[in-house]
Amino acid sequence: MDDSSGGFGELSHDQRLDLLAALERDRARIDAQQQRVLALLAAEPVPIPSLGEAIEREWVREEIACVLRLAPGTAGSRLHDAGELVERLPGTLAALACGDITLLHARSLVEAIHGLDDATTAKVEQRVLATAAAQTVGNFRRAVKRAVLALDPRAAEEKHRNAVAQRRVVATPHDDGTSELWALLPADGAAALMARLDRIVDQTKGLDARTA
């Protein structure tokens, strides 16, 4: 009789949990090997006569997309992440190869170090890897964010400047004759506006039946 459970039907509950953990570690090790192969493909594309280096890199991306059945853009992202892990996050790649973290952990760190110099990247990696093996991906992301803010305060300042540059006031009319008004403001500006509105409410309280 065929065993639809894959041969694991005789295992106890605890044994199945142990097997699940072992398979996850094996998956992480394979993912680490794949990152190394991707990085090599990106660094050493097959020379194509009469084509420039940029075209060669694009050709490699297309080949990888075909082999892994990915969209070209996704293949390009995979190549970028692999290069970052091999070149700038060797400790993270080593932790992945040992099965201590997952590829999702590694990719979240790759995303966080975008724009950081090599020295700051190394400090962030060293700080967050110590506890990464015991953290969920969500907790790890939060730890990485705290580390980046602590070790590269410019990142927070730059993020604030970019956010302030997006400030705006938007009015959206509705079919019932009302309109929705909202604003994206710097925190101090929003606080000042609310304080002013509260003063106006206090000054006009009781003048008519309207609520604040």
Side-chain angles (χ1 to χ4, degrees), residues 1-46 56-116 118 120-151:
M1 181 181 294
D2 291 337
D3 187 354
S4 60
S5 65
F8 308 131
E10 301 301 319
L11 299 179
S12 69
H13 180 76
D14 288 342
Q15 288 173 327
R16 290 169 186 169
L17 290 175
D18 290 342
L19 176 60
L20 191 64
L23 291 172
E24 188 68 9
R25 288 192 296 271
D26 288 343
R27 183 201 302 273
R29 296 185 185 106
I30 292 173
D31 284 336
Q33 292 292 79
Q34 189 180 65
Q35 302 314 297
R36 294 189 176 101
V37 174
L38 285 169
L40 281 172
L41 286 168
E44 302 174 5
V46 176
E56 291 175 2
R57 288 198 300 269
E58 184 175 345
W59 186 262
V60 168
R61 185 195 69 178
E62 297 293 331
E63 287 183 311
I64 291 170
C66 181
V67 169
L68 298 182
R69 291 176 291 181
L70 300 172
T74 303
S77 296
R78 295 276 186 92
L79 283 168
H80 169 267
D81 292 353
E84 291 287 85
L85 286 168
V86 169
E87 296 172 13
R88 300 218 293 158
L89 295 168
T92 303
L93 185 59
L96 182 63
C98 291
D100 292 338
I101 63 173
T102 69
L103 186 57
L104 290 176
H105 287 81
R107 284 177 176 163
S108 64
L109 185 52
V110 170
E111 292 172 4
I113 65 164
H114 178 72
L116 299 183
D118 291 346
T120 304
T121 294
K123 292 177 182 177
V124 170
E125 181 186 48
Q126 183 178 15
R127 175 174 293 199
V128 300
L129 279 187
T131 56
Q135 292 177 316
T136 65
V137 175
N139 288 338
F140 181 69
R141 282 198 181 101
R142 287 188 282 275
V144 169
K145 182 177 180 180
R146 289 193 297 268
V148 171
L149 289 175
L151 296 169

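For the numbers below, each heavy atom of this structure counts, side chains included, while hydrogens, waters and symmetry mates do not.
Rounded to the nearest 0.5 angstrom, L96 CG and R27 CZ are separated by 11.5 Å. We find the CG-CG distance between L129 and L89 to be 8.0 Å, quoted to the nearest 0.5 Å. Atom OG1 in T121 sits 4.5 Å away from atom CG in L116 (nearest 0.5 Å).
With contacts defined as side-chain heavy-atom distances shorter than 4.5 Å, the pair N139/R142 qualifies. By the 4.5 Å heavy-atom criterion applied to side chains, V37 and L41 are counted as neighbours.
Here the side chain of R16 pairs a donor or acceptor atom with the backbone of G9 at under 3.5 angstrom. E125 contributes a side-chain N or O that, together with a main-chain N or O of G91, makes up a donor-acceptor pair within less than 3.5 Å.
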Identify every side-chain donor-acceptor pair in residues 103-110 under 3.5 Å, counting partners at least two apart or on other chains, and give the distances.
| from | atom 1 | to | atom 2 | distance (Å) |
| --- | --- | --- | --- | --- |
| H105 | ND1 | T102 | N | 3.3 |
| H105 | ND1 | T102 | OG1 | 2.7 |
| H105 | NE2 | Q135 | O | 2.9 |
| S108 | OG | L104 | O | 3.4 |
| S108 | OG | H105 | O | 2.6 |

Show me, pair by pair, the donor-acceptor contacts under 3.5 angstrom made by side chains of residues 65-87, not counting sequence neighbours?
| from | atom 1 | to | atom 2 | distance (Å) |
| --- | --- | --- | --- | --- |
| S77 | OG | G73 | O | 3.2 |
| E84 | OE2 | R88 | NH2 | 3.2 |

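More than 12 heavy-atom neighbours from other residues, nucleotides or ligands sit within 6.0 angstrom of CD on Q15.
Residues that satisfy the side chain to side chain contact (heavy atoms under 4.5 Å, CB included) test with L17, not counting sequence neighbours, are H13, D14. Remark: E111 engages no residue in a salt bridge (Lys or Arg N to Asp or Glu O under 4.0 Å) (not counting sequence neighbours). Legend: residues meeting side chain to side chain donor-acceptor pair (under 3.5 Å) with R25, ordered by chain and number and at least two apart, are absent. R29 meets the side chain to side chain donor-acceptor pair (under 3.5 Å) test with D26; sequence neighbours excluded.
Annotation for A133 and I101: closest pair N-CG2, 4.3 Å, computed over non-hydrogen atoms. Of all non-hydrogen atoms in R36 and A97, the two that sit nearest each other are NH2-CB, 4.0 Å.
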